[in-house]
Amino acid sequence: MEGSFDYIVVGAGSAGCVLANRLTADGRYRVLLLEAGPEDRNLWIHVPIGYAKLFTDARHNWLYNSEPESELGGRSIIQPRGKVMGGSSSINGLLYIRGQAEDFDHWRQLGNTGWSFDDVLPYFRRAEDQSRGEDELHGVGGPLSVSDVSETHPVCDAFIAACEQAGLPRTDDFNGKSQEGAGYFQLTTRNGRRWSTARGYLKPVRRRPNLRVVSSALTTRILFEGRRAVGVEYAQGGTTHRARANAEVILAGGAFNSPQLLQLSGVGPADLLREHGIAVIADMPGVGADLQDHYQARFNYRCSERVTMNDMMNSLAGRVTAGLRYALFRKGFLAVGAGYAGGFFKTDPSLATPDVQFHFILFSADAVGQKLHPWPGFLASVCQLRPESRGFVRIKSADPAQAPAIQPRYMSAPHDRDVMVKGMQLLRRVMRQPALARYIVEELVPGPKVATDAELLEFARQKGTTVFHPTSTCRMGSDVTAVVDERLRVHGFRGLRVADGSIMPTVVSGNTNAAIVMIGEKGADMILQDAKAGAARAA
Ligand SMILES: Cc1cc2nc3c(=O)[nH]c(=O)nc-3n(C[C@H](O)[C@H](O)[C@H](O)COP(=O)(O)OP(=O)(O)OC[C@H]3O[C@@H](n4cnc5c(N)ncnc54)[C@H](O)[C@@H]3O)c2cc1C
């Protein structure tokens, strides 16, 4: 062993940076944070619009693809994931959405004590530095900066007005008492810069003497003594290193990589491990099971006025003006990631809470990450918030450098197909309201030929894609296939936890970053409480 630490955190992503900060705060514990990707030095990580560039950037993105999906006509779907300090919080769309209070109450109802909304709210508040100030739901002074978009936009105003004309409510806070409504998003930014967890949690504490951060270091195996995790093996610059964890190894590699690392280390479905020649330490079929994700259908519109991001990006004068506005005032398109506005709605009025989310995006392209159209255009998308479809992550090789098989099985549950169709109908109802008529020349995709329910479903199958929210592959619970308990300890092991998006019992009804930061905060608190209790017992 080359180094000895109290805690080893694998993955410096949304949750990993939170853990590294909180576990080193009182100076008592030595922590090693291992990140497979590089430092976050690239300019486009920090300028929100750089989000579009990072989709296809192999230096900062794992660039995974799902396996061919039978419900989607055999298509594979791109699965970007951050591979850099800050993880996916360094490449994401920056939207700050917590999910619904009911999501966490549901987690609690499934038997996960300590995870109801009332239980987790203090961690959301503790994380937050809300630019609007503090109230019972929002916090100030936390490491995660949350701000309003720098300015409104006339087409977004028209979208919000169109929602109201369609009989849907308006909201000025998707993280308020009720999530339902149309409005402007808040972003994880400060003064127009991205506020990843690497920026908010890690950078301010990098000099703590009890924290060692190693970048470009791929953790290849968890080391066990019997059923106790005692360290990890990692590869850096062609050399294999070993580090010891005297207290715990904490996996924070995200929904694809945490189950992959467990499987590579002998913890997972026994037949899969044997197939790849890996000695089975524990037969746990739940490791890599229950993959959930948000699937979206994107509608594409030709705009009547040259006010969209396409027009800015497709002209030199537009790019210069936008660059200057950003440099001087931190305003304009460069200060926005995935979008300005959206909404959460019910496809059936009898529902208790919204079951679909709309993203309204001021650019258009044929597919995610591709070249913008040469004409003025925008997109509106719909995703189902609580999918019943379940997929999996399974290693394809015993080589840690090989990507695992990712199979979300989008729309494999009939309920998900129904909600997608109803969501698309609702989206069209909004987009046909008078408030937007001035801006819409035509719906280009799917276009007027796609009219019936069956045609809409076929469109979703052929053109839909992910909203990048994979979760639940090391699911928290107490049933036979659950992987971690309500304190995030891997069932049947000592010294081993998972604390990232993979532990969500069900995906939250919204974008996932905020909830995963909360998981990091709560996970750190539980680890420190358990350490204290252990020390008291030993004394
Ligand atoms: C393109 C995109 C857009 C998104 N947009 C939004 C949005 O607008 N709002 C929102 O709320 N959410 C958004 N999300 C989702 C959100 O960002 C993620 O759910 C969240 O960041 C995941 O957090 P995590 O801690 O589980 O994993 P990650 O943040 O992905 O962190 C995992 C880290 O572990 C590292 N790692 C993995 N395996 C190993 C290993 N073996 N050894 C060492 N290091 C390892 C990875 O490189 C990575 O840095 C988006 C995601 C993507 C990809």
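What you see is a predicted model, and the numbers here were worked out from it, not measured in a lab.
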Hey, is [atom1] on [X] packed in by over 12 heavy atoms from elsewhere, all under 6.0 Å?
X: Met313; atom1: CE; answer: no
X: Arg132; atom1: CZ; answer: yes
X: Arg409; atom1: CZ; answer: no
X: Arg126; atom1: CZ; answer: yes

Discussion item. Against Phe378, only a single residue in Tyr439, Tyr340, Phe360 fulfils ring-ring contact (aromatic ring centres under 6.0 Å, His included); can you say which?
Written reply: Phe360
side-chain hydrogen bond (donor to acceptor under 3.5 Å, both in side chains) partners for [X], two or more places apart:
X: Arg59; answer: Asp57
X: Tyr29; answer: none
X: Ser258; answer: Asp500
X: Asn65; answer: none

Discussion item. Is the shortest side-chain heavy-atom distance between Phe5 and Val31 below 4.5 Å?
Written reply: no
Worksheet entry | Validation row: Gln100, Leu385 side chains within 4.5 angstrom (heavy atoms) | yes
Decide, yes or no, whether a salt bridge links [X] with [Y] under the criterion of side-chain N to carboxylate O below 4.0 Å.
X: Arg75; Y: Glu69; value: no
X: Glu443; Y: Arg302; value: no
X: Lys203; Y: Glu39; value: no

Discussion item. Considering only residues two or more places apart or on different chains, which pairs with a residue in residues 314-329 satisfy salt bridge (Lys or Arg N to Asp or Glu O under 4.0 Å)?
Written reply: Glu151-Arg325
Worksheet item: Does Phe256 have Arg81 sitting over its ring (NZ/CZ under 6.0 Å from centre, angle to axis within 45°)?
Response: yes
Worksheet item: Is the Lys NZ or Arg CZ of Arg199 less than 6.0 Å from the centre of Tyr201's six-membered ring, within 45° of the axis?
Response: no
Discussion item. Applying salt bridge (charged side-chain N to carboxylate O under 4.0 Å, His left out), can you list everything that pairs with Arg190, at least two apart in sequence or on another chain?
Written reply: Asp129
